[in-house]
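I have placed the structure first, in the form of structure tokens, so that the comments after it can refer back to it.
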Amino acid sequence: MVDAAAPSSAPTASSTRDLVTADGTPLKVALARATRLSKLRAFLLVAPLLLFILVSFIFPIVQMLWRSIDNPEVTDAIPRTAALLEDWNGEDLPSEQVYAALIEEISADGMRQEIGRMGARLNYEDGGFRSLINKTQRGAGEISESPIQYAMIGFDEAWEKQDTWAELDALAESPGFAAAFPATAEKLRAWETGNSPFAEKTPGADVYETLFEELSGSGNSTDIAQVVSLLGGTDNPIADLIQRTAANAAEIKDRPLRFALGGVDKDWNDTATWKVIKAVSPPVTMSYYLNALDRTYDANGNIVMQPEWKQIYVDLFLKTIYVSLGVTLCCIVLAYPIAHLLAILPAKHSNLLLILVLLPFWTSLLVRTTSWIVLLQSQGVVNDVLFFLGIVTDESRLQLIYNMTGTVIAMTHILLPFMVLPLYSVMKTISPSYLRAARSLGANPLVAFVRVYVPQTVPGIGAGSILVFILAIGYYITPALVGGQDGQLISNFIAYHMQRSLNWGMAAALGTVLLAGVLAMYWLYDRLVGIDNMKLG
Amino acid sequence: MAIPVYAGPLERVWYYLYRFICGCIFLFLILPILVIIPLSFNAEPYFTFTPEMLSFDSAGYSMRWYQDMVNNEQWLHALKNSFIIGICSTLLATTLGTVAALGLSRAELPYKGLIMGLLLSPMIVPLIITAAAMFFFYSAPFGISEIALAKTYLGVILAHAALGTPFVVITVTATLVGFDRNLIRAANNMGADNVTTFFKVIMPLILPGVISGALFAFVTSFDEVVVVLFMAGFEQRTIPRQMWSGIREQISPTILAVATLLVLISTILLATMEILRRRSDRLRGIKN
């Protein structure tokens, strides 16, 4: 636009010969503007629909696919623990700091929902996690109030037993015990046991702490020996308990929370538990995809096969592919003869027969599925006819529905028009003179058909096959209604994870794998046929 | 194609055998749809032909399942829903799709392949994925749960409109392939503005394509169950959704009466399509 004024003011050798429009604009510029405007106009026409599809379709799909790698549950629920675990070497148990962070975060009020979600998320990795998290959530509050008490219980659950404390309480009266552990003896004497059913079975946290203090105090080996002998030697389990606690006192004192959480569940003393939490901590995960391929991370972060009983998805994908191939093959076998007949009959007759193909095409999917249930069930029309003909007896009625047979029959019927129509449109263009030429050159009818006619129909077979295969591989309704147990395909598992198990990450991962397959097939279809050449009806 | 006079005996046998095979395949296609029609008049609550029906005894037939359908609040409500959702989503899809097809048929449009791919994607993506995605999206669009459209009529209509647009785009672009753009220039030349040109010149010529696209969009919505299953509430149950629970929960022959009604509707739609196709071919000068 800037050069618009140029020709008159500063004519040069080349610009004088430039063509200009009536208002003096160089033709080049005017043309560029016109092209730009018409491009814009064309785009503005497309824009409303494009915007609508982008917002209400593409965006939701991308958002759902994101769920297959989105992994916020652990970092939402226990952010500090997750951050601390990042620096953990993975060989020894995590530091006391990690245990403290976990105890604090897991017992926090107002985070119940997040903790619940984390439990569910961890449970996908290992079946015991939901109960472990619930148990720990209940126990963590008490631990943070009196860590030493729960560390002792965690060291040996005998410290939680009434018998242990009853015996020590009885001993508290003796001068020997009082001499060895004066403070404990005093606290124990003040402790009301009694015979009332409401009396405490174990003393309060302060008694635990006092006893622990005296057990771990320096130069106490003689005191401990004295108490052990008072209890009648190391054969007495309580004497043994005291001795062992004293021997490990330094370690317990060092890491009370480790022992305490170990007391809630010994899984917390297992590095494998922490490894799983660490593995699930990153905000993005591949574990749903690994799961969708029957693989998983082992405790060391290597990718390994799932245990045998959990390996279902690869088989399921293969089954879906086999069924789709089977249905496609059935469709080719059934569609080829009738498409050929439609193509060679005069239009008057073929239009009539075409209605027989188009009516099922236009009829509701649910109606067609209902008819197949009615036809194929064991008291249905097909079995009744077979029974009437004496082919089956009343006991041996064929099980034709609620299994794979039913799925394949119903899907073949539903998808057959999608094979017939492309085949028909290709066959209609094949001139009969090629066949006549082959015959006149000496080929017998079969050779002429196989070597001259069939090769010309290959584009139709290809287009129809891809179309049927794509539709079959994502099928949901028919397998869900007539598939029974073994007729379920990948779509049905996506629906299962969406609606029943609520494992949305898994549903998204399975969906992404399916979508990738379908898009690859469409790319092929587009290359072979051209997506805008798709024939409808 | 009649059998040629020079055909040998083997060819003769094959000629009839081939027609017999084709007949069987056509029966396979059409019989399952036809068989439910007489069964819907069954006097007994069975899904098979009773001896009375086979002997054409009038006692074996009745209208009881049709009465049942007409008297059933749920079916009537579902039928109403199907039409409301179907018609609204069709109007939306047809308007957006036709305008977009006009743009797509212009040679100047940049990135045509990409845009076409995006616009046709609702037809490509397996329904179960679409349904799951729409469930998440309409439950909290852009993370804002205050404007949730799941379990509302508007949500289902928008979802169905998205599913229906590819069919409108395809049929209308196909009609525009044979469209002579000189007609637009002539109209502009004679003083018609763009709107007048659209309604007086373009629209009458592409109308068959628009209507058949609209019919496809309507059938897509009318027949759609997966999206409804995921994101519609009880209030928005459509006929296919009601049939789905009918098949899963308590299959009663009423469902056959409904199915017969739907076959009737699809026959009418098919006939309309066929008439439109012939009219369109005639207008564009294609001889059958």
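No hydrogens, no waters, no symmetry mates; every other heavy atom, side chains included, goes into these values.
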Quiz prompt | Donor-acceptor under 3.5 Å (Tyr475(A) side chain, Pro126(B) main chain) | solution =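 Checked: no pair found.
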
Quiz item: Are any side-chain N or O atoms of Asp223(B) and backbone N or O atoms of Ser364(A), one a donor and one an acceptor, separated by less than 3.5 Å?
Solution: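 It does not hold such a pair.
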
Quiz prompt | Any residue meeting salt bridge (Lys or Arg N to Asp or Glu O under 4.0 Å) with Arg106(B), in chain and number order, not counting sequence neighbours | solution =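 Listed in chain order: nothing, the list is empty.
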
Self-check item: Any residue meeting salt bridge (Lys or Arg N to Asp or Glu O under 4.0 Å) with Glu108(B), in chain and number order, not counting sequence neighbours
Solution: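 Glu108(B) satisfies salt bridge (Lys or Arg N to Asp or Glu O under 4.0 Å) with no other residue.
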
Quiz prompt | Among Glu274(B), Met134(B), Glu11(B), Glu224(B), residue most engaged with chain A (heavy-atom pairs, under 4.5 Å) | solution =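 With the most close heavy-atom pairs to chain A, the winner is Glu11(B).
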
Self-check item: Among Val62(A), Ile58(A), Leu356(A), residue most engaged with chain B (heavy-atom pairs, under 4.5 Å)
Solution: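 Most pairs with chain B among the choices: Leu356(A).
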
Could you look at [X] and say if it's the side chain, the backbone, both or neither that has a heavy atom under 4.5 Å from chain B?
X	result
Ile373(A)	side chain
His340(A)	both
Ala480(A)	both

Quiz item: Would Phe142(B) and Phe59(A) count as a close aromatic pair, with their ring centres under 6.0 Å?
Solution: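 Yes, they do, as the ring centres are separated by less than 6.0 Å.
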
Exercise. For the pair Phe216(B) and Trp362(A), name the ring-plane relationship: parallel under 30°, tilted 30 to 60°, perpendicular over 60°.
Key: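 The rings of Phe216(B) and Trp362(A) sit tilted, inter-plane angle from 30° to 60°.
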
Using 0.5 Å steps for rounding, measure from the [atom1] atom of [X] to the [atom2] atom of [Y].
X	Y	atom1	atom2	value
Ile53(A)	Leu163(B)	CD1	CG	8.5 Å
Phe57(A)	Thr130(B)	CZ	OG1	4.0 Å
Thr370(A)	Ile36(B)	OG1	CD1	7.0 Å

Practice problem: Measure across Cys22(B) and Ile338(A) and return the closest heavy-atom pair with its distance rounded to 0.1 Å. | Solution: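 Distance-wise, the nearest heavy atoms are O-CG2, 3.8 Å.
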
